[in-house]
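To start, the structure under review is shown below, and the notes come after it.
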Amino acid sequence: MSAQLLDGKLISAEIIDEVRSQVDARVALGRRAPALAVVLVGDDPASAVYVSNKKKACERAGFRSLSYEFPASLSETDLLALVEKLNADPSVDGILVQLPLPKHIDAEKVIEAINPLKDVDGFHPYNFGRLALKMPLLRPCTPHGVMVMLEKTGVDLVGKDAVVVGASNIVGRPAALELLLARATVTVCHSKTRDLADKVRAADVVVAGVGIPNFVKGDWIKPGAIVIDVGINRLDNGKLCGDVEFEPARERASWITPVPGGVGPMTIAMLMRNTLDASINLNP
Ligand code: GUN
């Protein structure tokens with residue numbers, strides 16, 4: 001059997017079109033378009049690509065995008081001052097500080113400084129806590145994008161055994177909370193997990209977010225499983241690859257996300273959705 005592909009590119013385009021229609025309808029009623037502030041510190045090449053894609057999506061969604069780009073030498077104090085300025089600016093609905101930040105800046109402190117109602121990444125403890133308590137507001141974009149992609153494809157998660165590989169704040173932990181909210185039975189694996197391969201072999205759903213190319217082996221995948229690959233790794237030959245060995249996994253799975261064109265575009269679509277939601281919440 002060869003798995004069907006979960007087409008994140010297509011579904012993302014549909015969501016951005018829906019957001020655009022809602023924005024146009026609000027603008028026609030005299031409201032202003034949502035505005036997203038994107039902050040990039042340093043010169044990480046992958047971050048620069050992500051930020052540029054986010055700005056392009058803002059255009060497609062009909063948003064105003066504000067761009068703040070700084071050298072890696074920016075001080076924590078200056079970054080916190082910018083966040084405070086954006087918090088206080090009523091013309092800004094969403095604030096996104098691209099991660100990772102340079103080592104001398106405490107990312108947790110910066111995330112906590114963002115007004116939770118403008119936290120379109122869903123990373124603030126307030127939004128994370130709401131997701132944990134089954135009362136989500138602004139949800140972390142990548143795991144929420146995974147859930148929307150599965151919903152829109154008609155894949156049901158109720159009662160399924162889900163294994164999340166990786167326990168990061170951006171992917172693994174919020175993915176576990178999303179899967180739990182969707183009533184899957186969730187196991188979270190991390191660097192100290194024993195018998196990882198056996199845990200993955202038992203999974204109906206595998207979500208991989210470790211940032212290591214081909215870390216999850218194709219022969220670990222249970223026949224018929226759903227495989228969600230959140231990894232975006234650039235190989236020495238310049239090609240992108242995921243955290244799962246794609247071809248052998250595809251032979252066993254029922255559904256699989258490609259890299260690129262799977263989860264990546266969904267993250268951006270959910271960022272657009274969150275920014276529109278934040279704008280509506282702030283200016284009903
Ligand atoms: N770095 C990698 N993924 C993300 C994301 O979703 N949001 C932010 N702010 N930084 C990231």
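The first residue of the sequence shown is numbered 1, and numbering continues consecutively from there. Both counts, for ligands and for their atoms, begin at 1 and track the order of listing. For the numbers below, each heavy atom of this structure counts, side chains included, while hydrogens, waters and symmetry mates do not.
- Between Arg20 and Glu14 there is no salt bridge, since no side-chain nitrogen of the basic residue lies less than 4.0 Å from a carboxylate oxygen of the acidic one.
- When non-hydrogen atoms are compared, ligand 1 lies under 4.0 Å from the backbone of Val97 (N, CA, C, O) but not from its side chain.
- Remark: Arg201 engages Asp198 in a salt bridge, criterion side-chain N to carboxylate O under 4.0 Å.
- For Met270, the closest heavy-atom approach to ligand 1 does not fall below 4.0 Å.
- Taking 4.0 Å as the cut-off between side-chain N and carboxylate O, Asp93 and Lys118 do not count as a salt-bridged pair.
- Protein heavy atom at the shortest distance from atom 8 (C) of ligand 1 is Asp121 OD2, 3.4 Å.
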(request) In sequence, state the C-alpha distance, the side-chain angles, and the governing distance for Ser91 and Arg64, and then conclude on side-chain hydrogen bond (donor to acceptor under 3.5 Å, both in side chains). (result) CA-CA 10 Å; Ser91 73; Arg64 189 164 71 97; 3.2 Å; yes
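- Residue, atom and distance of the protein heavy atom nearest to atom 11 (C) of ligand 1 are Gln98 NE2, 3.3 Å.
- No N or O atom of Pro100 sits closer than 3.5 Å to an N or O atom of ligand 1.
- Residue Phe123 has no N or O atom closer than 3.5 Å to an N or O atom of ligand 1.
- Salt bridge Asp277/Arg273: present, at least one basic N to carboxylate O contact under 4.0 Å.
- Here the protein heavy atom with the shortest distance to atom 10 (N) of ligand 1 is Leu99 N, 3.0 Å.
- Legend: residues meeting salt bridge (charged side-chain N to carboxylate O under 4.0 Å, His left out) with Lys55, ordered by chain and number and at least two apart, are Glu69.
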